[in-house]
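Working notes, beginning with the structure itself.
Values below: every heavy atom of this structure, side chains too, minus hydrogens, waters and symmetry copies. Atoms within each ligand, like the ligands themselves, are counted from 1 in listed order.
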Amino acid sequence: MEQTNQRIAKISAHLCPSNSQMEESFGLRSANCRAKGGSPGFKVAILGAAGGIGQPLAMLMKMNPLVSVLHLYDVVNAPGVTADISHMDTGAVVRGFLGQPQLESALTGMDLVIIPAGVPRKPGMTRDDLFNINAGIVRTLCEGIAKCCPRAVVNLISNPVNSTVPIAAEVFKKAGTYDPKRLLGVTMLDVVRANTFVAEVLGLDPREVDVPVVGGHAGVTILPLLSQVKPPSSFTPDEVEYLTNRIQNGGTEVVEAKAGAGSATLSMAYSAVKFADACLRGLRGDAGVVECAFVASEVTELPFFASKVRLGRNGAEEVFQLGPLNEYERVGLEKAKKELAASIQKGISFIRK
Ligand SMILES: NC(=O)C1=CN([C@@H]2O[C@H](COP(=O)(O)OP(=O)(O)OC[C@H]3O[C@@H](n4cnc5c(N)ncnc54)[C@H](O)[C@@H]3O)[C@@H](O)[C@H]2O)C=CC1
Ligand SMILES: O=C([O-])CC(=O)C(=O)O
């Protein structure tokens with residue numbers, strides 16, 4: 001028995017280094033590590049996995065059949081979340097990593113890294129008010145990615161996305177690992193909200209509705225293209241005004257409803273998984289995977305812009321043009337670009353200063 005326990009402890013320490021402390025107290029602790037190493041699928045890390053988004057995101061990624069290994073990293077509570085999620089009887093092997101000394105182990109060998117690390121808004125704050133704290137967090141995490149998994153596709157959720165994506169790009173450039181196709185700011189929640197709110201107005205099932213949302217991920221930079229809704233639909237001027245405002249302020253609606261307890265977490269985890277699943281299907285080589293994301297772009301004069309992208313084996317392999325805009329959308333686009341330009345520059349300067 002003693003010999004068996006020693007063997008199990010050895011395997012455990014090798015496969016689950018960060019869990020070993022937590023596992024000291026469990027006799028059969030490495031059972032979850034023993035037999036699954038060969039299952040096909042992708043290796044995915046979530047950085048900020050113990051947070052409001054991170055936890056439901058981890059749960060949903062554990063349910064995703066495309067995931068074979070799931071690494072959960074946070075500066076707090078990673079062992080508890082890992083123990084909990086690892087009991088789910090789905091295919092992915094789950095390993096937890098706690099704190100900066102374990103960041104490199106968390107990242108090594110990953111195909112996809114999803115980043116919801118950082119502080120959320122409270123009522124009265126803008127996303128840009130999070131810059132001072134989240135910019136440094138994103139920089140540190142991206143330095144780890146550049147070192148340990150430079151070919152991973154990165155899904156960046158931490159706000160302000162309009163600045164954190166340029167920060168990540170600068171970190172990767174500095175490290176000599178930047179591949180613009182592999183860095184994607186997650187704007188999926190804007191699309192998810194737009195589909196929901198438009199479906200309500202049209203009296204349709206939201207699953208039948210597709211609304212392109214372009215620009216960025218804050219206030220007026222969130223630009224729904226209601227003239228391109230599928231199925232083709234027309235809206236009164238009042239409906240356009242109502243829908244545009246509601247989509248642009250969807251985040252604030254949740255922040256105010258949560259009254260100091262944070263921002264959107266559940267709808268964000270759902271959106272992050274929808275987007276990550278699309279990235280994994282692209283990596284697998286599926287044809288025709290198209291979603292909106294905030295990426296390096298030549299669609300406008302700005303270096304980054306959200307629009308529809310085709311996801312493939314190398315990440316965002318094709319960035320689509322905006323298509324025909326109506327007058328209302330053209331005015332919106334000019335407003336969006338003005339704010340976006342400043343947010344992008346702020347992110348770039350944070351690293352270049
Ligand atoms: N892109 C989007 O559409 C959305 C973005 N967000 C953003 O996502 C971020 C996270 O939101 P929540 O999960 O609600 O916040 P939260 O505070 O509940 O969780 C954040 C987690 O990040 C962890 N963390 C902090 N510093 C870290 C570091 N250096 N390394 C690893 N983990 C670290 C915390 O320990 C915590 O567990 C916020 O910046 C928020 O504004 C939120 C909703 C939508
Ligand atoms: O509003 C926030 O701060 C969080 C967020 O980005 C969203 O819900 O769209």
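- Using a 4.0 Å heavy-atom criterion, the residues that approach ligand 2 are R121, R127, N159, L189, R193, H217, G251, S263, A264.
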Just list the N/O pairs, ligand 1 to protein, that are under 3.5 Å apart, with the distance for each.
from: ligand 1; atom 1: 1 (N); to: I157; atom 2: O; distance (Å): 3.0
from: ligand 1; atom 1: 1 (N); to: V186; atom 2: O; distance (Å): 3.2
from: ligand 1; atom 1: 3 (O); to: H217; atom 2: NE2; distance (Å): 3.0
from: ligand 1; atom 1: 6 (N); to: N159; atom 2: ND2; distance (Å): 3.3
from: ligand 1; atom 1: 13 (O); to: G52; atom 2: N; distance (Å): 3.3
from: ligand 1; atom 1: 13 (O); to: I53; atom 2: N; distance (Å): 2.9
from: ligand 1; atom 1: 18 (O); to: G52; atom 2: N; distance (Å): 2.7
from: ligand 1; atom 1: 22 (O); to: G118; atom 2: N; distance (Å): 3.3
from: ligand 1; atom 1: 35 (O); to: D74; atom 2: OD1; distance (Å): 2.6
from: ligand 1; atom 1: 37 (O); to: G51; atom 2: N; distance (Å): 3.2
from: ligand 1; atom 1: 37 (O); to: D74; atom 2: OD1; distance (Å): 3.4
from: ligand 1; atom 1: 37 (O); to: D74; atom 2: OD2; distance (Å): 2.8
from: ligand 1; atom 1: 39 (O); to: V119; atom 2: O; distance (Å): 2.9
from: ligand 1; atom 1: 39 (O); to: N134; atom 2: ND2; distance (Å): 3.1
from: ligand 1; atom 1: 39 (O); to: N159; atom 2: N; distance (Å): 3.2
from: ligand 1; atom 1: 41 (O); to: N159; atom 2: ND2; distance (Å): 2.9

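- Using a 4.5 Å cut-off on side-chain heavy atoms (C-beta onward), L204 and P231 make contact.
- With contacts defined as side-chain heavy-atom distances shorter than 4.5 Å, the pair C292/D190 does not qualify.
- Applying the ring-ring contact (aromatic ring centres under 6.0 Å, His included) test to F131 and every residue at least two apart in sequence or in another chain returns F350.
- Within the 4.5 Å cutoff, no side-chain heavy atoms of Q55 are placed close to those of D84.
- Residue V220 shares its hydrophobic cluster (ILVMFWY side chains chained together at separations under 4.5 Å) with no other residue.
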In sequence, state the C-alpha distance, the side-chain angles, and the governing distance for K346 and S163, and then conclude on side chain to side chain donor-acceptor pair (under 3.5 Å). CA-CA 6 Å; K346 188 171 174 180; S163 301; over 6 Å; no

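- Ion pairing between R193 and E253 fails under the 4.0 Å rule for side-chain N and carboxylate O.
- For the pair L47 and L107, the minimum side-chain heavy-atom distance is below 4.5 Å.
- The pair E301-K337 counts as a salt bridge, with a side-chain nitrogen and a carboxylate oxygen less than 4.0 angstrom apart.
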